[in-house]
Protein chains: 2
Amino acid sequence: MNAPLPLTEVPTSASIDHVLDLHLRLAQGAVQRRFSDIFSDLGITQTQLTTMILIQENAGTSQSDIGRTLQMDRATVMGIINRLEGRGLIQRGQSPTDKRRQTLAITEAGAAMLSIARERSTELGNWLKERFSDAEFHMLAALLKRIHEVDIKAF
Amino acid sequence: MNAPLPLTEVPTSASIDHVLDLHLRLAQGAVQRRFSDIFSDLGITQTQLTTMILIQENAGTSQSDIGRTLQMDRATVMGIINRLEGRGLIQRGQSPTDKRRQTLAITEAGAAMLSIARERSTELGNWLKERFSDAEFHMLAALLKRIHEVDIKAF
DNA sequence: CGATATTGTATGCCTCGCTCACAAATTTAT
DNA sequence: ATAAATTTGTGAGCGAGGCATACAATATCG
């Protein structure tokens, strides 16, 4: 369920080593792999879980809202919502005020899965925290935030 | 070519805000979008570019080597190599010592594109560096490295 | 009212990432 | 030297995510 294990020598590249975007991508990949390990029995992805949490804690949100928060296209969000609804984890409803909107809500099955998932999240969090002091951990989060937040600010 | 632009209020979640893995994912997404903007005319992805640089600076590497370095499955690497070879940017050859291996090399077209791409990389680097002091920048890289390197160390 | 923007949806295309299975070659063990 | 295990590339298949484009319905603003 993972990439091969490097024990032998592996090619490196001077011009690659200090490139931030590579480290970012590799780190994200590592987390993603760890995530699917930890959550394998729940069959859920990082994006899906985040989406569900967002729905649970913002009753009545719409797909567009989620897209804005998680910086995804409307069409992309729809795919995710379709998959979650297809599994009976969330439910679409009608907004009383705006007929274009669809309110999103967690089903009972979804809530059940979420309560398990939240525990697992702790596990993932610990796996990450192992590597850092508290200060480093918060620093890292803050620095990362600058990357995606400035992306927003640009408009 | 991008996600919608949040100007309005957007749902947030207390339990989501300090989750490191979300910031990591969003940051990576933001970089990816910026990347495809900057490199749009070259029609190349982050992964593809990294792969090509790796090949160029490690003459005769194999697909498996790349997989280990970039932490990707053999099968995944093959897909990437296929696409690059299909566009005539790289070339497969035969290893003189090991008949299982395929040596990878950059074609002339590939080298031409790489020289442009390296300039664009600077642009992406600057876009990132804007947000950070030098110390922060290096700190961030170092912290990220801990995430994917420990992943390796686990074996 | 009319023009403009927002929301959801459908379609289609592409990249990445994985599993499983297989064959050929190489290395290690007996 | 022969047998066993490992490495390498490949093929087929599956699914998620991410995008553009286009369309219809609804809201909002001038």
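Basis for what follows: all heavy atoms, side chains included, without hydrogens, waters or symmetry-related copies. Note that the structure is predicted; figures quoted are calculated from it, not measured. Proteins come first, then strands; the chains are lettered A, B, ... in the order of their sequence lines, and each starts at number 1.
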Quick one: [X] [atom1] to [N] [atom2], roughly how many Å, whole number?
X	N	atom1	atom2	value
B/Leu70	C/dC18	CG	C1'	17 Å
B/Met72	C/dT19	CE	C1'	17 Å
A/Leu26	C/dG17	CG	C1'	14 Å
A/Ile44	D/dG17	CD1	C1'	15 Å
A/Ile81	D/dG18	CD1	P	13 Å
B/Phe35	D/dG18	CZ	C1'	16 Å
B/Lys99	C/dT27	NZ	P	12 Å
B/Arg101	D/dT7	CZ	C1'	9 Å

Candidates [options] - which lies nearest the side chain of [X]:
X	options	answer
B/Thr47	C/dC16, D/dG17, C/dA10	C/dC16
B/Arg100	D/dA25, D/dA16, C/dT26	C/dT26
B/Gln48	D/dG9, C/dC16, C/dG8	C/dC16
B/Thr76	D/dA25, C/dC16, D/dG11	C/dC16
B/Arg74	D/dG9, C/dT7, C/dC16	D/dG9

Exercise for the section: Answer with base, sugar-phosphate or nothing: what part of the nucleic acid does A/Gln32 contact at a heavy-atom distance below 4.0 Å? Expected result: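 Touches nothing.
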Practice task
Indicate, with a heavy-atom threshold strictly under 4.0 Å, whether B/Thr97 touches base, sugar-phosphate, or nothing.
Solution key: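 Answer is sugar-phosphate: B/Thr97 comes under 4.0 Å of backbone atoms only.
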When you measure from the side-chain N and O atoms of [X] to the phosphate of [N], is any distance below 4.0 Å, counting only OP1 and OP2?
X	N	result
B/Gln63	D/dT7	no
B/Thr45	C/dC16	yes
A/Arg83	D/dA16	yes
B/Ser64	D/dG9	yes

Fill in the blank from the handout: By nearest-nucleotide position on DNA chain D, the 5'-leaning member of B/Ala75 and A/Ile80 is B/Ala75
Fill in the blank from the handout: Assert: residue with more 5' nearest nucleotide on DNA chain D, out of A/Gln46 and A/Asp98, is A/Gln46
Of all heavy-atom pairs between [X] and [Y], which one has the smallest distance, and what is that distance?
X	Y	result
A/Met113	A/Leu42	CE-O, 3.7 Å
B/Leu140	A/Leu144	CD1-CD2, 4.2 Å
B/Thr69	A/Leu26	O-CD1, 4.4 Å
B/His148	A/Ala27	ND1-N, 3.8 Å
B/Ile147	A/Arg131	CA-NE, 3.6 Å

Exercise for the section: Could you check A/Asn82 against A/Arg25 and say which one's nearest nucleotide on DNA chain C is further toward the 5' end? Expected result: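 Mapping each residue to its closest nucleotide by heavy atoms, the 5'-most match is A/Asn82.
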Practice task
Assess whether atom CG of A/Asp134 is packed by more than 12 heavy atoms of other residues, nucleotides or ligands within 6.0 Å.
Solution key: no
